[in-house]
Participant: 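Got a structure here, written out as C-alpha cells. Questions coming.
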Amino acid sequence: MKILLTGFEPFGENPINASQRLVEALPITLNENIHLQKLILPVDEKRAPEIVQQVMDKEKPDGVMAFGLAAGRTDISIERVALNLMDFQIPDNTGASISDAAVVSNGPAAYFSTLPVRKLLNKLTNAGIPASLSLSAGAFLCNQVFYSIMHQIAINKWDIPAGFIHLPTLPEAAAQNKKPIPSMSLDLMLKAAKIMITCLYEEITLLNNDPK
Ligand code: PCA
C-alpha cells in the first residue's frame with residue numbers, strides 16, 4: 001500500500017518547517033505493507049497544488065496525509081475541514097498575496113477530511129501525545145493544498161482517504177523565536193506520524209475488505 005506524505009519548505013518568519021523535517025525523517029517503508037511516498041512542497045500558491053496534483057495523478061496513492069507547520073499551535077492538530085478560500089495574512093515564498101479568493105472557482109465551499117480523524121486523535125492521546133481536532137487549517141497554503149487534494153479526489157471519484165495535519169514548531173525554531181511559543185520535539189512528531197500512518201493503513205485495509 002502506498003501512502004503519500006507531503007510537507008512544506010520554510011516560509012515567512014519560520015526558518016525551519018517542522019513538516020519538512022518530519023516527512024524527511026520518516027522511513028520509506030513503515031513495515032512490509034506500508035510504502036511511504038514523500039513530497040516536499042514549495043510555499044508557492046501556483047506550484048504547490050500543481051505539484052501535488054501531478055504526483056497524485058502519476059502515483060495513484062492509496063491514501064494521502066499532508067502535513068504543515070502552524071507555529072503557535074500547542075499540539076498535533078488534525079484538521080477536519082478544507083475551505084474553498086484563500087485569504088493570506090502573509091505573502092507566499094514568491095511574494096504572492098491573495099485575498100478573498102476561491103481555491104477552485106465554482107468548487108464546493110468545503111470538504112471534510114476523509115482521514116479517520118477521531119480514531120487518529122484517540123490513538124495519539126492514548127499514546128500520551130498531545131493532539132486535538134481542529135476546525136480550520138487557515139486560509140493560506142496548507143488549506144489550499146488540503147482543499148486541492150480533496151477536490152482532485154472528489155472529481156476523479158477516487159475512493160481514497162486524505163487529510164491534513166498541522167504541527168507545532170520544533171524546539172530549535174521556538175528557541176530562536178522572538179516571542180515564546182509552544183514546541184514539540186521531532187522524536188515525538190515521528191512517533192505521532194507513525195501511529196497515524198499505521199491507523200490510516202488499518203482503516204484502508206478495513207475499507208478495502210468491506211464487501212459494499
Ligand atoms: N504552513 C503554512 C503553509 C506552509 C506551512 O507549513 C500554513 O499553515 O498554511
Side-chain angles (χ1 to χ4, degrees), residues 4-26 38-53 55-56 64-104 107 110-113 115 117 131-152 162-174 176-179 181-186 188-190 192-193 196:
L4 175 64
L5 303 179
T6 71
F8 278 103
E9 67 182 10
F11 66 99
E13 292 182 349
N14 306 290
I16 301 173
N17 193 320
S19 67
Q20 174 175 18
R21 291 287 171 91
L22 173 64
V23 169
E24 286 176 353
L26 280 161
K38 306 199 258 172
L39 181 63
I40 303 302
L41 296 168
V43 179
D44 173 339
E45 57 90 19
K46 289 217 161 51
R47 287 178 54 230
E50 280 171 16
I51 293 171
V52 81
Q53 276 166 25
V55 170
M56 283 172 64
V64 185
M65 196 175 276
F67 292 91
L69 165 69
R73 295 246 182 137
T74 54
D75 58 11
I76 304 273
S77 295
I78 303 162
E79 298 295 348
R80 303 187 85 144
V81 194
L83 278 185
N84 193 8
L85 176 69
M86 292 201 285
D87 195 46
F88 296 0
Q89 304 299 304
I90 56 164
D92 75 7
N93 284 354
T94 71
S97 198
I98 298 188
S99 303
D100 307 326
V103 178
V104 176
Y111 288 104
F112 284 118
S113 171
L115 297 178
V117 293
S132 59
L133 299 181
S134 161
L135 276 179
S136 174
F140 191 45
L141 264 286
C142 289
N143 174 72
Q144 184 196 6
V145 162
F146 182 15
Y147 186 94
S148 304
I149 291 169
M150 302 315 292
H151 187 67
Q152 187 184 5
F164 199 95
I165 315 288
H166 259 127
L167 303 168
T169 304
L170 286 170
E172 53 271 45
Q176 301 301 325
N177 207 62
K178 285 182 219 113
K179 283 185 297 181
I181 50 168
S183 63
M184 185 182 280
S185 73
L186 185 59
L188 199 56
M189 289 186 193
L190 274 166
M196 290 192 288

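Order of listing sets the numbers, starting from 1, for every ligand and every atom in it. Numbers for residues simply follow the sequence, beginning at 1.
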Participant: Show the numbers, then the answer: is there a side chain to side chain contact (heavy atoms under 4.5 Å, CB included) between T6 and I40?
Facilitator: CA-CA 6 Å; T6 71; I40 303 302; over 6 Å; no

Participant: Atoms of ligand 1 less than 4.0 Å from F140 heavy atoms?
Facilitator: 2 (C), 3 (C), 7 (C), 9 (O)

Participant: Please step through side chain to side chain donor-acceptor pair (under 3.5 Å) for the pair E24 and Q20, ending with a clear verdict.
Facilitator: CA-CA 6 Å; E24 286 176 353; Q20 174 175 18; 3.1 Å; yes

Participant: Is it true that E79 and R73 make a salt bridge, defined as a side-chain N closer than 4.0 Å to a carboxylate O?
Facilitator: yes

Participant: Compute the ring centroids of Y111 and Y147, then answer whether they are less than 6.0 Å apart.
Facilitator: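 Yes, the ring centres sit under 6.0 Å apart.
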
Participant: For ligand 1, which atoms have a heavy atom of L141 less than 4.0 angstrom away?
Facilitator: 3 (C), 9 (O)

Participant: Looking only at N/O atoms, are N143 and ligand 1 under 3.5 Å apart anywhere?
Facilitator: no

Participant: Short list, please: which atoms of ligand 1 are under 4.0 Å from a heavy atom of G68?
Facilitator: 6 (O)

Participant: Within the 4.0 Å heavy-atom shell around N17, which atoms of ligand 1 are there?
Facilitator: 5 (C), 6 (O)

Participant: Hey, which atoms in ligand 1 end up nearer than 4.0 Å to a heavy atom of L69?
Facilitator: 1 (N), 2 (C), 5 (C), 6 (O), 8 (O)

Participant: Number the atoms of ligand 1 from 1 as they appear, then name those within less than 4.0 Å of a heavy atom of C142, with their elements.
Facilitator: 1 (N), 2 (C), 3 (C), 4 (C), 5 (C), 6 (O), 7 (C), 8 (O), 9 (O)

Participant: Dump the intermediate steps for side chain to side chain contact (heavy atoms under 4.5 Å, CB included) on F146 and S113, then the final yes or no.
Facilitator: CA-CA 9 Å; F146 182 15; S113 171; 3.9 Å; yes

Participant: Look at the rings of F88 and F140 and say which category their plane angle falls in: under 30° parallel, 30 to 60° tilted, over 60° perpendicular.
Facilitator: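 The arrangement is perpendicular - the two ring planes meet at more than 60°.
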
Participant: Does atom CD (E13) have a neighbourhood of more than 12 heavy atoms from anything else shown, all under 6.0 Å?
Facilitator: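 Open: at most 12 neighbouring heavy atoms sit under 6.0 Å from CD of E13.
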
Participant: Looking only at distance, does A137 have an N or O less than 3.5 Å from an N or O of ligand 1?
Facilitator: no

Participant: Just to confirm my output: which protein heavy-atom neighbour is closest to atom 8 (O) of ligand 1, and how far is it?
Facilitator: H166 NE2, 2.8 Å

Participant: Below 4.0 Å, non-hydrogen atoms only: which portion of N14 touches ligand 1? Side chain, backbone, both or neither.
Facilitator: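 Neither part.
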
